[in-house]
Asks: 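Below are the structure tokens for one structure; questions will follow.
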Amino acid sequence: MNRLAAGAPGAAAAAANRLDQALAARLGRGQAALLIYITAGFPDLDVTRRLIPELFAAGADVIELGLPFSDPLADGPTIQRASHLALQRGVRVADVLDVARDARRRGVDGALVLMSYANPLLARGLLQEPRRLAEAGFDGLIVPDVPSLESASWEAACASAGLHWIPFLTPTSPEEQVRRVGAVEGGFIYCVSVTGVTGARSRLPETVADLLGRVRAHSRRPVAVGFGVSGPEAARELARHADGVIVGSALLDRMEAAAGAGLDPVAAAAEFTAAVRKAMDDR
Amino acid sequence: MPETLVPALLELEQAYEEAQADPAFARELDGWLRELCGRPTPLYRADRLAEACGNPRVRLYLKREDLNHTGAHKINNALGQVLLARRMGKGRVVAETGAGQHGVATATAAAALGLECVVYMGAEDVRRQSLNVFRMELLGARVHSVDAGSRTLKDAINEALRDWVTNVADTSYVIGSVVGPHPYPRMVRDFQSVIGRETRAQVLEKEGRLPDVLVACVGGGSNAMGLFHPFVDDPQVAMVGVEAGGTGLDTGHHAASLAAGSPGVLHGSLTYLLQDDDGQVRVAHSVSAGLDYPGVGPEHAWLKETGRARYETVTDAEALEAFQLLARCEGIIPALESAHALAYLRRLLPELEPGSIVVVCLSGRGDKDVAEVRRLLQEQEVPAS
């Protein structure tokens, strides 16, 4: 690990990649970016493979592909259930990398970000060698249980592999951390809208605007807001304040309901994505 | 750990350091340990058990943590952490529990100190330990049954952490073992070290020298760490942790993270875990709900790697036998967790020189396990008859 590179603000940035291009393209049109989270292997890997091009076509700018984990402690009931089901169906770390590889082979050039808890990445040596993630076709990495206090060496490794490490800021983040994160370039900042876990909520707290203001004051990086975005209305509201809106659980809820009703979860997910996109553009 | 909790962990670390440096905090905790828990607990000479374990000439002692108020060592730590939560101005504590002992201890401390208490317990454990659920409710706690994942202790920890992330402003998380993110493993070790400090003074008074071997069961490892820690710098004192071997290490149904696990990250610690080659955490199995955790305190991992302590396993069947043996030999019904430490004595004692001094941590009493043991013994009898 290059400790200097990791410790110095602004030094650990990866070169611009598909993620920066996707965000810049959307922001350049005066619109907010839509980042869609899906759990890989929910309800099965075939659905995940089909989802990726469909979601991009429906208006997603970035897809966060979630690697299912046995102990998703930052996630609410929806993603817990999705992860549990994917693991029960035998989804492996290698399968998730294959999903990305497969999408790239088929010519998908949208931004793909891997979201995974630390332990599966450590077990497979992927946090140690993020180059393998970049080679599979990922442009960024989100690790919800590695806080910035402990991320410097991984961040640097990702940067030299051409992968953006996506940092979190939360309503509890102190000022100096906001500054540090804001000083790095590229990718985006993941703003957690609530103190809490993932999952759709009917109302988002007013503190979101405060947090965004604090982050904006110190950063030129795009700022995306996630946790608790329930649907088009919430996305429309957030798109007024943020550079990007992250939707996950609400989409998985739609897919679960569709599958339960014997409908195609891919179509349901694409329809929901298009509705969110439209609401954001109508702001 | 999630980013949201980092400021809370830093705040906790600072508050704990300030409390440690404040003699008034230590005095207050000592007062509660004496008046509410009934400390110090006796160091009991178990001659008949030594004989039954094959070496009557070993001087065998039981550190009677089972005599604590609420029936186990868990109260030592719960009182310390709830007192700290109150000092930090938090009005609410959350805790996880497996067997229910830590939940009962936290509910007790919260009731005595006037804090609101919420306990998360895996649905499977709620079923196995329904009486403890009622005890917690009597003590004014709210008990949430956790249906996620494997519905046991690790999932209860996940859920307690989720609650803490959500309510971090007014809530403290009271963790039950030497696990979790810093500063928990150190803080819980310190609060439990009262076991080892008392043992040290008591054995010096009775024997005029330090013991030769310390033995304790290890799930997360808090009673073991509490007993071991004050002796870590005395190389002549051997330390043995006994993990739950379940139905045998070769069957895969066990909770022996140190004996059969590999390094990984869970609940904010880098330690030995039961996991598959993809880093997915496995479900632990043990006849005793309190040992049913797929990780282990990171300081135990360190004691193992440095060779300062060694770790053994005993099976469910051996523990059940030791459970009955202690009842008959000494008139003490041990917790199934503690019975694992006792079961190991049958292997240890015959190897020791006459006059050797052994201290076993009898971490809890067995009242909570009586119904489950009866069920298990009846199951055993059916094929035999």
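Below, chain A is the first sequence line, B the second, and so on; all start at residue 1. This is a predicted model, so every value here is computed, not measured.
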Asks: Got a second to check how far B:I157's CD1 is from A:L73's CG, nearest 0.5 Å?
Replies: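 Those atoms lie 10.0 Å apart.
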
Asks: Using heavy-atom distances under 4.5 Å, tell me whether B:L273 contacts chain A through its side chain, its backbone, both, or neither.
Replies: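 Just its side chain gets close to chain A.
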
Asks: What part of A:V93 is in contact with chain B, defined as an atom under 4.5 angstrom from a non-hydrogen atom: side chain, backbone, both or neither?
Replies: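 Both parts, backbone and side chain.
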
Asks: At their closest point, which heavy atom of A:Q80 faces which heavy atom of B:A148, and how far apart are they?
Replies: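 Heavy atoms of A:Q80 and B:A148 come nearest at OE1-CB, 3.1 Å.
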
Asks: Counting heavy-atom pairs under 4.5 Å to chain B, which of A:D75, A:V146, A:V143, A:V192 comes out on top?
Replies: A:D75

Asks: Check each atom of A:P72 against the heavy atoms of chain B and say whether the ones under 4.5 Å are side chain, backbone, both or neither.
Replies: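 Backbone plus side chain of A:P72, per the 4.5 Å heavy-atom cut-off to chain B.
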
Asks: Shorter than 4.5 Å, heavy atoms on both sides: which option in A:L87, A:L67, A:L169 has the most such pairs with chain B?
Replies: A:L87

Asks: Pairs in or reaching into residues 149-162 of chain B: which pass salt bridge (charged side-chain N to carboxylate O under 4.0 Å, His left out), with residues at least two apart or in two chains?
Replies: A:D71-B:K154, B:D147-B:R151, B:E159-B:R162

Asks: Any non-hydrogen side-chain atom of B:M1 less than 4.5 Å from a side-chain atom of A:D145?
Replies: no

Asks: Which atoms of A:Q177 are under 4.5 Å from chain B, going by heavy atoms: the side chain, the backbone, both sets, or neither?
Replies: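 It is the side chain, since no backbone atom gets that close.
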
Asks: Check whether any side-chain N or O of B:E3 sits under 3.5 Å from a backbone N or O of A:S148 as a donor-acceptor pair, and report yes or no.
Replies: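 Confirmed, B:E3 side chain pairs with A:S148 backbone.
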
Asks: For chain B, find its close neighbours in residues 113-128 of chain A: heavy-atom separation under 4.5 Å, sorted by number, or none.
Replies: A:N119, A:P120, A:L122, A:A123, A:R124

Asks: Measure distances from B:V168 to the heavy atoms of chain A and classify the residue's part below 4.5 Å as side chain, backbone, both or neither.
Replies: side chain

Asks: With a 3.5 Å distance limit and no angle check, can you tell me whether A:T172 reaches the backbone of B:P7 through a side-chain donor-acceptor pair?
Replies: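 No: the side chain of A:T172 does not pair with the backbone of B:P7.
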
Asks: Below 4.5 Å from any heavy atom of chain A, which atoms of B:L266 appear? Answer side chain, backbone, both or neither.
Replies: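 The side chain, not the backbone.
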
Asks: As a quick check of understanding, evaluate side-chain contact (heavy atoms from CB on, under 4.5 Å) for A:F168 and B:T4, giving each step before the final call.
Replies: CA-CA 9 Å; A:F168 284 94; B:T4 307; over 6 Å; no

Asks: Any donor and acceptor pair, going by atom type alone, linking the side chain of A:S70 with main-chain N or O of B:Q280 inside 3.5 Å?
Replies: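 No.
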
Asks: For each of B:V6, B:D278, B:D163, B:N158, tally heavy-atom pairs with chain A at distances under 4.5 Å, and name the one with the top tally.
Replies: B:D278

